[in-house]
Amino acid sequence: MLDAIRYLVGNGIKWRAMPVDFPPWDRVYAFFRRWRDHALVKEFHDRLRAQVRTTLGRDAEPSAGVIDSQSVKADAVVGSDSRGFDDGKLINGRKRHVVVDTLGLLLAVMVTAADTGDRTAAQVLLQQVADAHHLLALVWADGGYTGSLIEYCLTALALVLAIVKRSDDMRGFVVLPKRWIVERFFAHLMRTRRLVRDFERRTTSAEAMIYWPMTLLMTRRLARSRLQRA
């Protein structure tokens, strides 16, 4: 079952196009749906993240993170109730709001319509992150998260929201401190064919699809570290 979902996410196939080497597609989807609805994929992912952090000599719980969003085009199956038009990116689809730690590992994700503002979604997402990770004290963000959100994070969530801005004198591509971490995370997602575009009818399925490639990334890192020690 796990290999079947890995194949579907990595290669971007349809559920009904599951190869005969795997169990029937409806059984695999039932497994995926059960793990999604009971948040088991998130629990599986979070346990792997703690193992990766401890293997690298870090605390299991992070103390700092980075927040950002990514707009992607939505497939025709995505209904009008969960899709919108991002005026800044000129994309009709959905937006992925994520918080990652300083290693680029996912802490939380929320999928909304593309016309949802970053600051509006960040209030909900950072509340979830603060409740789940009590040691988190600092979050870096870009200029789109300025304004009243900074005061809200400090007073309501006990989080310091540090804005990393791009200088007006910069020309062309420049790697910005801390923000490159979340940009690398989005690059990992774009290497997964199922995530190049949003093909999911439900936002909960879209969020689960983001957890699966990160579990693959972390299992590979853990396996590689064990081979090196051996």
Of Thr203, Thr116, Thr112, the residue whose pairing with Arg94 passes side-chain contact (heavy atoms from CB on, under 4.5 Å): Thr203

Closest non-hydrogen contact found for Leu157 with Gln127 is CD2-OE1, 3.0 Å

Looking at Tyr145 and Arg119, what are the two nearest heavy atoms and their distance? CA-CG, 3.8 Å

Asp68 and Glu183: side-chain contact (heavy atoms from CB on, under 4.5 Å), yes or no, with the steps? CA-CA 8 Å; Asp68 204 352; Glu183 296 297 341; 3.1 Å; yes

With the 4.5 Å side-chain cut-off for hydrophobic clustering, are Tyr211 and Met209 part of the same group? yes

Can you label the angle between the Tyr7 ring and the Phe22 ring as parallel, tilted or perpendicular, going by 30° and 60°? tilted

Working to the nearest 0.5 angstrom, can you tell me the gap between Arg197 CZ and Met190 CE? 11.0 Å

Val66 reachable from Leu56 in the ILVMFWY side-chain graph, under 4.5 Å edges: yes

Go through the steps for Thr102 and Arg58 under the test side-chain hydrogen bond (donor to acceptor under 3.5 Å, both in side chains), then give the verdict. CA-CA 10 Å; Thr102 53; Arg58 304 290 188 94; 3.3 Å; yes

Does a side-chain N-to-carboxylate-O contact under 4.0 Å join Arg83 and Asp198? no

When rounded to the nearest 0.5 Å, the distance separating OG1 of Thr215 from CG of Leu106 is 10.5 Å

Close side-chain approach of Arg53 and Pro62, heavy atoms under 4.5 Å: yes

Taking the side chain as everything from C-beta on, heavy atoms only, tell me whether Arg36 gets closer than 4.5 Å to Arg202. yes

Taking the side chain as every heavy atom from C-beta outward, state whether Phe31 and Leu2 have any pair of such atoms under 4.5 Å apart. yes

So which heavy atom on Val99 is nearest to which on Ile67, and how close? CG2-CG1, 3.9 Å

Under the 3.5 angstrom rule, does the side chain of Glu200 hit a backbone N or O of Ser205 as a donor-acceptor pair? no

Below 4.5 Å, heavy atoms only, C-beta onward: do Arg194 and Leu8 meet side chain to side chain? yes

Arg27 side, atom CZ; Tyr29 side, atom OH - distance, nearest 0.5 Å: 12.0 Å

I'd like to know if the side chain of Asp101 reaches the main chain of Leu105, judged simply by a donor and an acceptor atom lying under 3.5 Å from each other, with no hydrogens or angles considered. yes

How close do Ala114 and Ile91 get, heavy atom to heavy atom, and via which atoms? CB-O, 4.0 Å

Distance-only, no hydrogens or angles: does the Asp142 side chain make a donor-acceptor pair with backbone N or O of Gly144 under 3.5 Å? yes

Measure the OG1-CZ distance between Thr55 and Arg224 for me, rounded to the nearest 0.5 Å. 12.5 Å

Decide whether Val78 and Val72 are clustered together by the hydrophobic rule: side chain heavy atoms of Ile, Leu, Val, Met, Phe, Trp, Tyr closer than 4.5 Å, transitively. no

Tell me whether Val129 shares a hydrophobic cluster with Val111, the cluster being built from Ile, Leu, Val, Met, Phe, Trp, Tyr side chains joined at under 4.5 Å. no

Heavy atoms, side chains only, cut-off 4.5 Å: are Ile13 and Trp25 in contact? no

Verdict with reasoning, Leu159 to Tyr152, per side-chain contact (heavy atoms from CB on, under 4.5 Å): CA-CA 9 Å; Leu159 284 177; Tyr152 170 81; over 6 Å; no

Here the gap from Glu43 atom CD to Asp46 atom CG, rounded to the nearest 0.5 Å, amounts to 8.0 Å

Closest non-hydrogen atom pair between Ser71 and Lys95, with its separation: OG-CE, 3.4 Å

Pick out which of Val100, Leu195, Val98 makes a side-chain contact (heavy atoms from CB on, under 4.5 Å) with Phe186. Val98

Can you check whether Ala141's main-chain N or O pairs, donor with acceptor, with Arg179's side chain at less than 3.5 Å? no

Yes or no on side-chain contact (heavy atoms from CB on, under 4.5 Å) for Val160 and Val139, after CA distance, side-chain angles and deciding distance? CA-CA 6 Å; Val160 176; Val139 176; over 6 Å; no

Please check if Ile163 and Val182 belong to a single hydrophobic cluster, counting links between Ile, Leu, Val, Met, Phe, Trp and Tyr side chain heavy atoms closer than 4.5 Å. no

Determine whether more than 12 heavy atoms belonging to other residues, nucleotides or ligands lie under 6.0 Å from atom CZ of Arg47. no

Does the side chain of Arg96 reach to within under 4.5 Å of the side chain of Glu207, using non-hydrogen atoms? no

Steps toward side-chain contact (heavy atoms from CB on, under 4.5 Å) verdict (Leu126, Cys153): CA-CA 8 Å; Leu126 289 175; Cys153 290; 3.5 Å; yes

State, with a plain yes or no, whether a side-chain heavy atom of Trp35 is found less than 4.5 Å away from one of Trp212. yes

Show the nearest heavy-atom pair for residues Val28 and Pro23, with the distance to one decimal. CG2-O, 3.7 Å

I'd like to check Glu61 versus His134 (side-chain heavy atoms, cut-off strictly below 4.5 Å). Are they in contact? no

Rounding to 0.5 Å, atoms CG (Asp115) and CG (Asp87) come to a distance of 8.0 Å

